[in-house]
*Asks:* 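Pasting in a structure now, in structure tokens, and then I'll have a few things to ask.
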There are 2 protein chains.
Amino acid sequence: MKAGSSASGFPVPDHDHASCLTEVIVRAAVAFERQGLRLTDLRRNVLEEVAASHKAVGAYEVLERLASKGGKRLAPISIYRALDTLVAAGVVHRLESRNAFFACHVVHGGNRRQIVLACEQCGAVAEVSRPNVFDDIQTAAGAVGFRMSQVLVEVSGTCAACSRSERPDK
Amino acid sequence: MKAGSSASGFPVPDHDHASCLTEVIVRAAVAFERQGLRLTDLRRNVLEEVAASHKAVGAYEVLERLASKGGKRLAPISIYRALDTLVAAGVVHRLESRNAFFACHVVHGGNRRQIVLACEQCGAVAEVSRPNVFDDIQTAAGAVGFRMSQVLVEVSGTCAACSRSERPDK
DNA sequence: ACGGTTATGTTATATGTTTACATCGCATCG
DNA sequence: CGATGCGATGTAAACATATAACATAACCGT
């Protein structure tokens, strides 16, 4: 297993985020290329801010961080446009339950079928795969004649790391 | 089966909404009673607007509709407070993926474990039960040491009625 | 260099949500 | 009866999230 990866989807304690970030950018470059999109400076900057942590960040938070770095302050719409493109390219996802965005660290095929776990304590977000769940949802929808175009499975709770630090015993 | 009900969760074509609405109000009265809450005029008015259709409506839409009826325009916070209470009582749910609210037409126990289906065409929302899905999600979360507190399963797509009217053949 | 397409800038506004504090109605206690 | 307490609502303002409309600039193939 490479440094920075984790079977749980959450970063491991010693996790090498620099290489992790690099991987995200590379995957983005590939995805943009394949879809005939341009990975511009703005888009890369936004992606870097989103991927700076494994947490979900709001659009305005990205805005603030870029402003405090780049000096010039962008308009919200610029951030949203960049985010839209990143989401369309599949390298960033939106955490609907929090109106926030997080970088994708897994490779999915055409349609995304991942359970999203979001820690209420530390804000970390991870995606885990569980095809059955999506098959069952598909079946349940189909049973009432509903044609599914997009599914959202978001779980709020406490990640393993936060559970441990809450209760340092054991 | 009673008038107004449907196995699919979506209203049937001939669906008697008046009695459907009455049922919602009655369930609300019971739920409020049981929880020691007061079903005030404001709360009932808001509930009636939300339950006026089987669609998800935004807080401001409720505000507008009440304003065009009652004459006096309420402050947004009043709507939100009423909605909060209705959500807490379990008679209204929030559709996270659209920042909107919809009336509940099923009876759930303590914790809500329902798949929410939202039609992109007509805006109708339905809840369907599929306990396996939630058990599997729980398992998947547990497998990576994640303690789950809340799950969200929202499906976007096209409901049966809209599918039929799209393609009138067959 | 030209012309179409894509990306970004600029300004303004729509939509969604909350904070803080004042007031009111009502039940209960003394 | 008046005081007290509490839940509900009113009022004003701010904060947070998201998009519309239109102008300009960068890029790309020819």
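Note that the structure is a prediction, hence the values are computed from the model and not measured. Throughout, a chain's letter reflects where its sequence line sits, starting with A, and its residues are numbered from 1.
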*Asks:* How long is the line joining CZ of Phe101(B) and P of dT15(C), in whole Å?
*Replies:*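 Atom-to-atom, Phe101(B) to dT15(C), this comes out as 16 Å.
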
*Asks:* Where along residues 35-44 of chain B does a heavy atom fall under 4.0 Å from DNA chain D?
*Replies:* Arg38(B), Thr40(B), Leu42(B), Arg43(B)

*Asks:* Between Tyr60(B) and dG16(C), is there a contact of a side-chain N or O with OP1 or OP2 at under 4.0 Å?
*Replies:* no

*Asks:* Answer with yes or no whether the hydrophobic clustering places Val62(B) together with Leu39(B); edges join I, L, V, M, F, W, Y residues whose side-chain heavy atoms lie under 4.5 Å apart.
*Replies:* yes

*Asks:* Using atom OH of Tyr80(B) as one end and atom P of dA13(D) as the other, report the distance to the nearest whole Å.
*Replies:* 20 Å

*Asks:* Is there a side-chain contact between Glu64(A) and Arg73(A) (heavy atoms, below 4.5 Å)?
*Replies:*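 Side-chain contact under 4.5 Å: yes.
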
*Asks:* Which whole-number value in Å describes the distance from Arg98(A) CZ to dG16(C) C1'?
*Replies:*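 It is 18 Å, rounded to the nearest whole Å.
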
*Asks:* State yes or no: do Phe32(B) and Leu21(B) share one hydrophobic cluster built from I, L, V, M, F, W and Y residues joined by side-chain heavy-atom distances below 4.5 Å, directly or via other members?
*Replies:* no

*Asks:* Look at Lys69(B) together with Glu49(B) and state whether they make a salt bridge at an N to O cut-off of under 4.0 Å.
*Replies:*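 Yes, this pair counts.
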
*Asks:* Rounded to the nearest Å, what distance is computed from the CG atom of residue Asn45(B) to the C1' atom of nucleotide dA8(D)?
*Replies:* 14 Å

*Asks:* Atom CG of Asp84(A) and atom P of dA7(C): how far apart are they, to the nearest Å?
*Replies:* 12 Å

*Asks:* Specify the residue among Arg94(B) and Thr85(A) whose closest nucleotide of DNA chain C lies further upstream toward the 5′ end.
*Replies:* Thr85(A)

*Asks:* Are there more than 12 heavy atoms of other residues, nucleotides or ligands under 6.0 Å from atom CD of Glu120(A)?
*Replies:* yes

*Asks:* Quick check on DNA chain C: between Asn99(A) and Ile77(A), whose nearest nucleotide comes earlier from the 5' end?
*Replies:* Ile77(A)

*Asks:* Measure the spacing between CZ of Phe101(A) and CD of Glu96(A) and express it to the nearest 0.5 Å.
*Replies:*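 Phe101(A) atom CZ to Glu96(A) atom CD measures 8.0 Å (nearest 0.5 Å).
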
*Asks:* Describe the nucleic acid contact of Ala59(A) in one word from base, sugar-phosphate, nothing, applying a heavy-atom distance below 4.0 Å.
*Replies:* nothing

*Asks:* Check the distance between dA8(D)'s C1' and Ile79(B)'s CD1 and give it to me in whole angstrom.
*Replies:* 14 Å

*Asks:* Roughly, in whole Å, what's the span from CG in Leu74(B) to C1' in dG16(C)?
*Replies:* 16 Å

*Asks:* Is a side-chain donor or acceptor of His17(A) paired with a backbone partner of Ala51(A) at a separation under 3.5 angstrom?
*Replies:*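 A pair under 3.5 Å: yes.
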
*Asks:* In whole angstrom, give the distance that lies between atom CZ of Arg81(A) and atom C1' of dT10(C).
*Replies:* 9 Å

